[in-house]
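First comes the structure, then the notes that go with it.
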Amino acid sequence: MLRHLNVIRMVCLFFMSMAITLSCKDDTTNRSSLYLISGKHVDDVELSTIEDLKNDLDKVLHADIRIVSEGETVPTNATVFILGTPNSNTLITTMVKEGKLDLTKDNPGPRGGIWSKIDLENNVQAIVIGGSDTQGLQYAIYDYSKEILGVDALEYWTGKMPQSKTSKALFNFEPKTIVPPQIPILGYFENDVDELANYRGKLLEYDWESYTEMINSLVRLRYNAIQLFDMLGRPEFFIRPEYKKLSPDYTIRETYIDSLIDYAQSKGMMVQIDVSMGYKIKPLDQNKADCWKNHKQDWIDTWTYYFEETPFKKADIISLRPRNQVWDWEYKSSCGEDKIEVFNEVYQVLGDLIDQYNPKIKKVMVCYADGMEMFNQNLYPPKDWLVAWSDDGFSGFKHLPKSTKGYGFGTYMHAGFWLNHTVHDPYPKKIDTIMKNMVNDYQADKYCLVNGQQFRPFLLNIEAFSEMSKDVNAFDGEQFYKDWTQRYFTPSVAEIAVKSMKKLHEAQLDRGGYVEHLWEIRETVSYLSNAPIRRPGKTPVPYDYAAVESDYEHVEKRLKLAEEALGLALEGEKTVNKGDTFYYDYIVLPIHLYHDLLNFEHTLHQMAQLKKTFEKTNDSGALDKALEKLVIANEQLETIHRRSLEGDRNEKWKNWYNPEIRRPNNGFPSKQMLDDIKTNLALLKNSK
């Protein structure tokens, strides 16, 4: 008993030596207790992160876990975590002064942190997790959760749960420095998110759970910014006939947008807003979007409204593309302007306006192909605008800067693209090589904006970008593939999964993708039914055999590679635990969906060749063979629809691939299309 009291006394003396009011008491009835000690000056983001750590510990420990502020009572037999920064937690401040910790605002530096074990008295230890700043603390805590507790940053999306731990296992680490990531701003672009917004029932609006869980995962992956776009009411949602049919009464709720922004910022993320002017929140007349000199005041008034009357006022980053200010296409002046001169003035005027409202806002000019061409000529925004260079949609670059002109340089990259938003194109090795080139050759490491499309199908690439951003030259795409798959599957299954995904990447050669094939199918159906492709609000596209013929070769190549990818995926599935739905949902199902569509298109191509034979030879036998193929096409279409409706095995994602609510890019094959083909082929045969 005397020895026990001495332990209590020595622990109390340790805390007292740190000049704090933390009191100590014996609690022999609660030996399985864990205390997370936050600082007196903890901010809301730190506290939110500490609460996340508590929740993570709750998943793996059978213990009484409490968050307390320094100065509150802690039992001497409790496991203790001391959490914070030198500015927020005086315990850490004192440890630093006494040489027990090597942590300052400059070491390891902004967004950096440490793990340490501090000896108290009588071989008692406390775990210290600290950051040079709040984000550094976040990364130190989330890395600890990942590496020591086994908590998956993508748990909500993958279903992977951590295994139970002992209290002793919490100390199973060596002191560690979490160095600041090389790329200081890693942003996520909320774009083309129809499926993520639609699958739970309310169309074209995130449900709160989906949005917050996406943010939670992104923060754990070190994304520290998010650009809102679709949820601000992109113009397609209330102008395009397809969307009007989907949601006739489409509207937005500014209070909800305000809440989305608040949540992102509460998790330590900066919010980026592109101040183009097509949003439902305050749309500029389309006729005023392509003539700056005549409508300059309308542009300025719209921006002013944004900054004064909308949630945009909360933005931490403002971006603008040198393009049409309503539609996402090249700026073509309707009043004879030189577009480079226009945007040299636009960026100056907008920059001055931003500074009036919040001079701390970061400014980013995002250059697409036309913007790159302008920048390589005489486009010179003010120097406080960072320049983001855009990839080609598939993490490659068709255009490169002649010079960075002394601007801070970054990139706009794609984890997914609108041409493949249904099925992912896994390419961590491409991210590896391309980003090294951009950073080493053009110092493009000041900013990276990642377009993740529907988020859930693109988890692999999204995380690859986060790992790359830590240390670009150290990132190894091949090793990332191995580490990522082994996190979810046994080594043998992981090896097959990697081979399968590599084949899926090959199968999307020449920047191919699911949505591209939807358009090719429409071209083929158009030719087979002798009917133009009708597009709401656009000029019909005449049917054309040459357009169909140009697709034969790459479809056959892609189909062969997709078959190989599917064979590998199914081989790996044989040894996967039946209760593990993630392997099927992430590895097998996407390849099935892509293969189904290619198979269907290939059959239509065979029919097109037979129809062309008839046109050349007048041989009705060719039409008979085409009609026989039509039976197969109908069966294949039924498979496409059935598999899309069945979707994932995890019930959480039910309805995700439903054709009725999917993003309407390039339409979707229907039974009516095949009926139209049958009618036309029969007419051709009877008219002979």
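Hydrogens, waters and symmetry mates play no part in the numbers below; they use all other heavy atoms, side chains included. The first residue in the sequence is number 1, and the count goes up from there. Since the model is a prediction, treat every value here as computed from it, not as a measurement.
- Annotation: Phe81 is not in aromatic contact with Tyr35 [ring centroid separation under 6.0 Å not met].
- Annotation: cation-pi pair Lys117/Phe171 absent, no NZ/CZ under 6.0 Å from the ring centroid and within 45° of its normal.
- Closest heavy-atom contact between Lys362 and Met270: CE-SD, 3.8 Å.
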Q: Evaluate side-chain hydrogen bond (donor to acceptor under 3.5 Å, both in side chains) for Asp483 paired with Gln479, printing each intermediate quantity in order.
A: CA-CA 6 Å; Asp483 294 343; Gln479 186 63 42; 2.9 Å; yes

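- Classification of Arg487 and Glu463 as a salt-bridged pair holds, one side-chain N sitting under 4.0 Å from a carboxylate O.
- Taking the six-membered ring for Trp and the full ring otherwise, Tyr144 and Trp115 have centroids separated by under 6.0 Å.
- Judged by a 6.0 Å distance limit and a 45° cone about the ring axis, Lys446 is not positioned over the six-membered ring of Tyr407.
- Heavy atoms of other residues, nucleotides or ligands lying less than 6.0 angstrom from NZ of Lys97 number 12 at most.
- Between Phe409 and Tyr442, the ring center distance fails the sub-6.0 Å criterion.
- Ala388 pairs by the side-chain contact (heavy atoms from CB on, under 4.5 Å) definition with Val364, Val366, Tyr447, not counting sequence neighbours.
- More than 12 heavy atoms of other residues, nucleotides or ligands sit less than 6.0 Å from atom NZ of Lys267.
- For Asp44, the CG atom sits in a loose shell: 12 or fewer heavy atoms of surrounding residues, nucleotides or ligands are nearer than 6.0 Å.
- When all heavy atoms are compared, the tightest approach of Ser38 to Ile67 is OG-CG2, 4.5 Å.
- Here the shortest heavy-atom pairing between Leu34 and Leu57 reads CD2-CD1, 3.9 Å.
- The pair Arg66-Asp64 meets the salt-bridge criterion, with a side-chain N (NZ, NE, NH1 or NH2) lying under 4.0 Å from an Asp/Glu carboxylate O.
- Put simply, the residue from Asp58, Asp56, Asp52 that forms a salt bridge (Lys or Arg N to Asp or Glu O under 4.0 Å) with Lys54 is Asp58.
- Within the structure, salt bridge (charged side-chain N to carboxylate O under 4.0 Å, His left out) contacts touching residues 163-189 (residues at least two apart or in different chains) are Glu147-Lys176.
- We find the CG-CG distance between Asp43 and Asn87 to be 10.0 Å, quoted to the nearest 0.5 Å.
- A salt bridge links Asp258 to Lys314: one of the charged nitrogens lies within less than 4.0 Å of a carboxylate oxygen.
- A donor-acceptor pair is defined here as one N or O able to donate and one able to accept, closer than 3.5 Å; no such pair exists between the side chain of Lys360 and the backbone of Asp316.
- Contact detail for Phe465 and His414: the closest heavy-atom pair is CE1-O, 3.7 Å.
- No cation-pi contact links Lys313 to Tyr357, judged by a cut-off of 6.0 Å to the six-membered ring centre and 45° from its axis.
- A salt bridge links Lys502 with Glu478: the distance from a Lys NZ or Arg NE/NH1/NH2 to an Asp or Glu carboxylate oxygen falls below 4.0 Å.
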Using distance only, find each side-chain donor-acceptor pair of residues 579-587 under 3.5 Å and give its atom names and separation, not counting sequence neighbours.
residue, atom, partner, partner atom, Å
Asp580, OD1, Phe582, N, 3.1
Tyr583, OH, Ala569, O, 2.8
Asp585, OD1, Arg649, N, 2.7
Asp585, OD2, Asn650, N, 3.2
Tyr586, OH, Pro457, O, 3.1
Tyr586, OH, Leu459, N, 3.1
Tyr586, OH, Leu460, N, 3.0

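- A salt bridge links Asp648 with Arg456: the closest approach of a Lys/Arg side-chain nitrogen to an acidic carboxylate oxygen falls below 4.0 angstrom.
- Ring geometry for Tyr206 against Tyr211 counts as tilted: the plane angle lies between 30° and 60°, on a 0 to 90° scale.
- Side-chain atoms of Tyr368 and Asp392 include no donor-acceptor pair closer than 3.5 Å.
- Within a 6.0 Å sphere centred on CD of Gln265, heavy atoms belonging to other residues, nucleotides or ligands number more than 12.
- Minimum interatomic distance between Val45 and Ser266 (heavy atoms only, all atoms of both residues): CG2-O, 3.6 Å.
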For residues 177-188, run the donor-acceptor check on the side chains, cut-off 3.5 Å, and write out each pair with its distance to 0.1 Å, sequence neighbours left out.
residue, atom, partner, partner atom, Å
Gln182, OE1, Val472, N, 2.9
Gln182, NE2, Asp445, OD2, 3.2
Tyr188, OH, Gly452, O, 3.4

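- A salt bridge does not link Lys482 to Asp476: none of the charged nitrogens lies less than 4.0 Å from a carboxylate oxygen.
- Screening residues 182-193 for salt bridge (charged side-chain N to carboxylate O under 4.0 Å, His left out), with sequence neighbours left out, gives Asp192-Arg234, Asp192-Arg663.
- Once rounded to the nearest 0.5 Å, the distance linking CG of Asn461 with NE2 of His505 reads 9.5 Å.
- Between Asp143 and Lys146, no side-chain nitrogen of the basic residue sits less than 4.0 Å from a carboxylate oxygen of the acidic one, so the salt-bridge criterion is not met.
- Look at Arg222 and Glu467 and you find no salt bridge, because none of the NZ, NE, NH1 or NH2 atoms lies under 4.0 Å from a carboxylate O.
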(Q) Evaluate Thr158 against Asp152 for side-chain hydrogen bond (donor to acceptor under 3.5 Å, both in side chains), listing each step before the verdict. (A) CA-CA 8 Å; Thr158 66; Asp152 183 13; 2.8 Å; yes

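- Evaluated for a ring pair (Phe, Tyr, Trp, His ring centres under 6.0 Å) with Phe417, the options Phe394, Tyr412, Tyr427 yield exactly one hit, Phe394.
- Annotation: the span from Tyr156 atom OH to Ser217 atom OG amounts to 9.5 Å, rounded to 0.5 Å.
- For Gln138 (side chain) and Thr49 (main-chain N/O), no donor-acceptor pair under 3.5 Å exists by modelled atom type.
- At a cut-off of 3.5 Å, with distance as the only test, no side-chain donor of Thr85 or Asp133 sits close to an acceptor on the other residue.
- Applying the side-chain contact (heavy atoms from CB on, under 4.5 Å) criterion to Asp102, with sequence neighbours excluded, gives Asn107.
- Ring-plane geometry between Trp656 and Trp653 is classed as perpendicular, the angle between the planes exceeding 60 degrees on a 0 to 90 degree scale with a lower cut at 30.
- The side chain to side chain donor-acceptor pair (under 3.5 Å) test with Ser88 is passed by exactly one of Glu46, Lys40, His41: Glu46.
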